[in-house]
Amino acid sequence: MAFRGGNASSGMGVAEDCRNTFLELQRKKAFRYVIFKIDEKKKEVVVEKTGGPAESYDDFTGSLPENDCRYAIYDFDFVTSENCQKSKIFFIAWSPSVSRIRAKMLYATSKDRFRRELEGIHYEIQATDPTEMELEVLQERAH
């Protein structure tokens, strides 16, 4: 069941599955990352792919299409200077410059509404090419 509210310009609906999968990542550490895409026929955001806890950041970035937009959540584990294990959840809006104008607009107009559905995100990164979301970028933001 999708949640639809507001007027037509408020962007896409959000599949229930999106919230549940996010909670599994957030609370149970069931996933390292989740990639979401907009299903234009259903007019809602759906889960496209999940990565298990053992998958690397390279596995994650390799799962994003080179020429189409996506939303993604990445659970970034790191060790602080005090040697504490920490975890921060990143929301990544992937919008490569080569993707279709329509896709970029669709993802841009739906992003805030979608992000509000997922409570507990620490940081957001907007990336138009892979260098804007390299692991170093996450490390700088998380510390």
> May I ask you to decide if C18's main-chain N or O and T21's side chain share a donor-acceptor pair within less than 3.5 Å?
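No.
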
> Distance-only, no hydrogens or angles: does the S99 side chain make a donor-acceptor pair with backbone N or O of A103 under 3.5 Å?
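Checked: no pair found.
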
> Would you kindly confirm whether I73 and F76 end up in one hydrophobic cluster when ILVMFWY residues are joined by side chain heavy atoms under 4.5 Å apart?
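Result: no, two separate clusters.
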
> Do Y123 and L64 belong to the same hydrophobic cluster, where Ile, Leu, Val, Met, Phe, Trp and Tyr are linked whenever their side-chain heavy atoms lie under 4.5 Å apart, directly or via other members?
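Yes, one cluster joins them.
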
> For a quick test of reading the model, state the closest non-hydrogen atom pair linking G52 to R32 and the distance between them.
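Shortest heavy-atom separation between G52 and R32 comes out as O-CB, 3.1 Å.
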
> Is the backbone N or O of L118 less than 3.5 Å from a side-chain atom of R19, with the two atoms forming a donor-acceptor pair by type?
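Looks like no, no N/O pair under 3.5 Å.
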
> What are the two closest non-hydrogen atoms of Q26 and G120, and how far apart are they?
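Distance-wise, the nearest heavy atoms are NE2-CA, 3.4 Å.
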
> List for me each residue that meets ring-ring contact (aromatic ring centres under 6.0 Å, His included) alongside Y71, sequence neighbours excluded, and say none if there are none.
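Y71: ring-ring contact (aromatic ring centres under 6.0 Å, His included) contacts with F91, Y107, F114.
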
> Can you list, pair by pair, the side-chain donor-acceptor contacts under 3.5 Å of residues 130-143, counting residues two or more places apart and other chains?
residue: T131; atom: OG1; partner: D129; partner atom: OD1; Å: 2.3
residue: E132; atom: OE1; partner: T128; partner atom: N; Å: 2.5
residue: E132; atom: OE1; partner: T128; partner atom: OG1; Å: 3.0
residue: E132; atom: OE2; partner: T128; partner atom: OG1; Å: 3.3
residue: R141; atom: NH1; partner: E124; partner atom: O; Å: 3.0
residue: R141; atom: NH2; partner: E124; partner atom: O; Å: 3.2

> Determine which pairs satisfy salt bridge (charged side-chain N to carboxylate O under 4.0 Å, His left out) with at least one residue from residues 51-68, sequence neighbours left out, and list them in order.
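Output for this query lists D68-R70.
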
> As an exercise, state the distance from CG of L23 to CD of E119, rounded to the nearest 0.5 Å.
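Going from CG on L23 over to CD on E119, the span is 9.0 Å.
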
> What I'd like to find out is whether the side chain of M12 reaches to under 4.5 Å of the side chain of L106, using heavy atoms alone.
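Yes, their side chains come closer than 4.5 Å.
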
> Which heavy-atom pair separates L25 from D75 by the least distance, and what is that distance?
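Reported closest heavy-atom pair: CD2-CB, 3.9 Å.
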
> Is there a chain of hydrophobic side chains (I, L, V, M, F, W, Y, each step under 4.5 Å between heavy atoms) that links V45 to M105?
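Hydrophobic grouping puts V45 apart from M105.
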
> Please identify each residue that fulfils ring-ring contact (aromatic ring centres under 6.0 Å, His included) with Y57, with sequence neighbours left out.
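Residues passing ring-ring contact (aromatic ring centres under 6.0 Å, His included) with Y57: F60, Y74.
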
> Applying side chain to side chain donor-acceptor pair (under 3.5 Å), name anything that partners R102, two or more places apart in sequence or on another chain.
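With neighbours one apart ignored, the set is E40.
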
> Please report the shortest heavy-atom distance between P96 and K104, naming the atom on each side.
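Scanning both residues, the minimum pair turns out to be O-CE, 3.7 Å.
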
> Flag the pair F31 / Y33 as yes when their ring centroid distance falls below 6.0 Å, and as no otherwise.
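No; Y33 has its ring centre 6.0 Å or more from that of F31.
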
> Tell me if a side-chain donor or acceptor on H122 pairs with a main-chain N or O of I89 at a distance below 3.5 Å.
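Checking the backbone N and O of I89 against the side chain of H122, a donor-acceptor pair under 3.5 Å is found.
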
> Sequence neighbours left out, what passes salt bridge (Lys or Arg N to Asp or Glu O under 4.0 Å) with K28? Give chain and number order.
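Scan of K28 (salt bridge (Lys or Arg N to Asp or Glu O under 4.0 Å), adjacent residues dropped) gives E24.
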
> Search all heavy atoms of A15 against all heavy atoms of E44 and return the closest pair with its distance.
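Reported closest heavy-atom pair: CB-OE2, 3.7 Å.
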
> Under 4.5 Å between side-chain heavy atoms, hopping through other hydrophobics if needed: is there a path connecting F78 to I125?
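F78 clusters together with I125.
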
> Taking a hydrophobic cluster as the set of Ile, Leu, Val, Met, Phe, Trp and Tyr residues connected by side-chain heavy atoms closer than 4.5 Å, whether directly or through intermediates, do V47 and F22 fall within one such cluster?
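Yes: a chain of side-chain contacts under 4.5 Å links V47 to F22.
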
> Should the pair D77-K86 be classified as a salt bridge under the 4.0 Å nitrogen-to-oxygen rule?
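Looking at D77 and K86, the cut-off is not met.
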
> Tell me if the NZ atom of K88 is crowded by more than 12 foreign heavy atoms within 6.0 Å.
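Yes.
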
